Amino acid sequence: MSRRLAAILALLAAAVALAAAVLAFITDPLSVVIATGFLLIAVGAVWAALTHRGPRRAVALVAVAAALVGAAAAVLLHGGREAAVLAVALVAYGAAARRATRPDIQRARAGGRRPRTAGAVLLINPRSGDGRAGRANLVEEARARGIRAVELQPGQDLKALAEDAAETARVLGMAGGDGSQALVSEVAMRHDLPYVCIPAGTRNHFALDLGLDPTDLVGCLDAFDADEAVHRVIDLAMVGDRVFVNNVSLGAYAESVAIEGYREAKLRTMARAAPDTLALDDAGFDLRFAGPDGAEHPPVQLLLVSNNSYRFDQAGRIGSRPRLDAGTLGIVAVSIRSGVEASQLLALQAAGRVQDFAGWSEWTAPSFTVDSPSPIKAGVDGESLEFAPPLNMRSVPRAVTVMVPPGERPPAVYGLPTASSLEQLARLART
């Protein structure tokens with residue numbers, strides 16, 4: 001399916017979804033209002049369950065179940081057909097929108113010539129992403145292209161391995177998750193080597209923001225082709241003396257990730273820790289920092305510091321970064337004080353307008369410092385670390401040249417239809 005056709009289908013699906021929603025409201029507005037009200041009550045009750053223990057949590061969970069049953073009843077009894085059409089249309093929209101904005105990598109080479117990859121070294125973590133590199137036969141595919149492939153063995157130090165490879169490499173690459181990408185890109189930066197990212201991890205946020213297709217690891221190897229690759233100079237960022245490529249998360253999420261057993265039971269661990277990390281008056285952390293006006297910022301549950309700014313105008317998703325070369329940190333601080341505010345945040349997020357939430361602060365800066373009377377727990381590119389205060393973060397502009405395969409890379413569209421995503425799809429439909 002062509003990109004233009006997929007964009008047209010996504011716009012049509014969004015129109016059908018809007019028509020179904022309008023029809024449901026016209027035919028039975030009371031049911032729509034009741035269902036929406038029940039959903040907002042459910043969100044508020046979820047917040048109460050997360051911020052309390054014992055009997056109060058049990059009562060809140062009962063309220064969640066009752067509100068969800070009420071919302072389902074209101075929809076099914078008076079608007080079942082419209083709801084079914086709406087659900088199908090939104091699923092179709094999501095699939096078509098992702099196809100329309102999927103990277104279009106040019107892989108054909110005239111005459112089947114061999115790519116020029118002299119001096120290319122690819123480090124591979126075979127355990128990243130539950131063995132994605134192995135399933136793609138990445139070692140064999142790389143060597144067939146003249147790329148020296150080095151697999152990380154149990155007990156080996158990835159940074160030391162990258163340092164050894166950098167002594168002879170002319171291009172340095174890493175196949176692994178975001179944490180591995182950060183370690184090896186730092187080595188490439190210090191040795192002034194071009195860098196290649198192969199998205200062999202689980203989530204691959206860095207690769208997605210570079211416009212790579214994480215479902216096509218073999219195609220990403222074309223980035224090593226010195227004649228065909230696109231060269232992009234991008235920023236990295238530092239937290240203390242450590243490089244990060246995506247973000248540093250402080251507050252409730254970082255505190256939960258640091259708890260032993262989080263990896264094995266994420267939801268259970270976060271629910272257990274929530275009363276100590278989500279209620280601002282009782283939060284088990286004290287983060288002190290200046291807001292965009294230079295004054296001390298009020299307490300928050302979540303503080304996100306990213307290597308360049310995320311966009312948060314797509315419903316149901318943390319966002320992506322349209323630029324990786326602005327030379328700034330993106331800073332987001334969020335505070336939620338009640339179940340009502342939690343409902344407001346969810347509603348605004350679903351509309352792609354989360355910046356309108358009263359407890360949301362967002363700004364950029366070349367550097368940022370967080371202080372605390374106790375050690376600061378942080379999630380750095382998804383890895384739990386602890387730092388002595390104060391914690392200093394800074395952008396490193398134009399730090400490394402990244403080589404990516406040639407091709408079109410429109411900004412990805414995710415989640416529910418919003419004004420910005422529909423505008424982008426309309427542009428693609430016109431091309």
Side-chain angles (χ1 to χ4, degrees), residues 121 123 125 128 152 155-167 169 172-174 176-197 201 205-207 209-210 233-251 253-255 257-258 285-290 302-310 321 324-333 363-402:
V121 180
L123 305 177
N125 185 348
S128 287
L152 178 68
Q156 283 187 308
D157 183 280
L158 177 59
K159 193 167 186 178
L161 203 64
E163 291 284 359
D164 290 342
E167 296 297 329
L172 186 62
M174 178 68 214
D178 289 328
S180 300
Q181 302 292 347
L183 286 174
V184 181
S185 64
E186 178 187 4
V187 174
M189 173 183 69
R190 287 191 288 99
H191 288 266
D192 195 23
L193 292 172
Y195 182 72
V196 172
C197 169
H205 294 302
F206 180 52
D209 290 340
L210 286 172
V233 181
I234 68 165
D235 310 328
L236 297 177
M238 303 288 296
V239 51
D241 59 357
R242 182 188 179 99
V243 162
F244 65 96
V245 294
N246 292 329
N247 58 67
V248 176
S249 177
L250 306 167
Y253 174 74
E255 295 285 328
V257 172
F285 53 87
D286 183 4
L287 303 177
R288 303 171 185 177
F289 58 96
L302 173 66
L303 184 61
L304 186 74
V305 183
S306 58
N307 173 28
N308 287 276
S309 296
Y310 285 97
R321 291 168 291 178
L324 289 172
D325 59 357
T328 61
L329 300 174
I331 306 161
V332 174
W363 68 100
T364 62
S367 61
F368 185 64
T369 299
V370 178
D371 205 352
S372 177
S374 56
I376 299 174
K377 295 182 177 66
V380 181
D381 287 340
E383 182 181 351
S384 178
L385 300 173
E386 187 172 280
F387 297 89
L391 180 57
N392 299 306
M393 289 159 277
R394 61 184 177 88
S395 173
V396 185
R398 301 181 64 82
V400 65
T401 297
V402 176

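This is a predicted model, so every value here is computed, not measured.
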Does [X] reach the main-chain N or O of [Y] with its side chain, forming a donor-acceptor pair under 3.5 Å?
X	Y	answer
Asn307	Leu324	no
Asp381	Val245	yes
Ser249	Leu304	no

Looking at every heavy atom in both [X] and [Y], which two are closest together, and how far apart are they?
X	Y	answer
Ser185	Tyr195	N-CE1, 3.7 Å
Ala290	Trp363	O-CZ2, 3.5 Å
Ser128	Gly201	CB-CA, 4.2 Å
Phe244	Ala182	CA-CB, 4.2 Å
Ala169	Val121	CB-CG2, 3.6 Å
Ser180	Met174	CB-CE, 3.7 Å

To the nearest 0.5 angstrom, please state how far the [atom1] atom of [X] sits from the [atom2] atom of [Y].
X	Y	atom1	atom2	value
Met189	Met238	CE	CE	6.0 Å
Asp286	Asp371	CG	CG	9.0 Å
Leu303	Asn247	CG	CG	11.0 Å
Asp235	Asn308	CG	CG	4.5 Å

**Prompt:** What residues, two or more places apart in sequence or in another chain, satisfy ring pair (Phe, Tyr, Trp, His ring centres under 6.0 Å) together with Phe368?
**Reply:** Phe289
Result block: side-chain N/O donor-acceptor pairs under 3.5 angstrom for residues 389-399, not counting sequence neighbours:
{"residue": "Asn392", "atom": "OD1", "partner": "Thr369", "partner atom": "OG1", "Å": "2.9"}

**Message:** Please determine whether side chain to side chain donor-acceptor pair (under 3.5 Å) holds for the pair His191 and Glu163, giving the CA-CA distance in whole Å, both sets of side-chain angles, and the decisive distance to 0.1 Å.
**Reply:** CA-CA 9 Å; His191 288 266; Glu163 291 284 359; 2.8 Å; yes
**Prompt:** Any side-chain heavy atom of Phe387 within less than 4.5 Å of one from Val239?
**Reply:** yes
**Request:** Report the residues that fulfil side chain to side chain donor-acceptor pair (under 3.5 Å) with Asn246, sequence neighbours left out, ordered by chain and then residue number.
**Result:**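 Residues passing side chain to side chain donor-acceptor pair (under 3.5 Å) with Asn246: Asp178, Arg321.
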**Request:** From the options Val187, Leu183, Asp164, Leu158, select the one residue that forms a side-chain contact (heavy atoms from CB on, under 4.5 Å) with Leu123.
**Result:**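 The single option meeting the side-chain contact (heavy atoms from CB on, under 4.5 Å) with Leu123 is Leu158.
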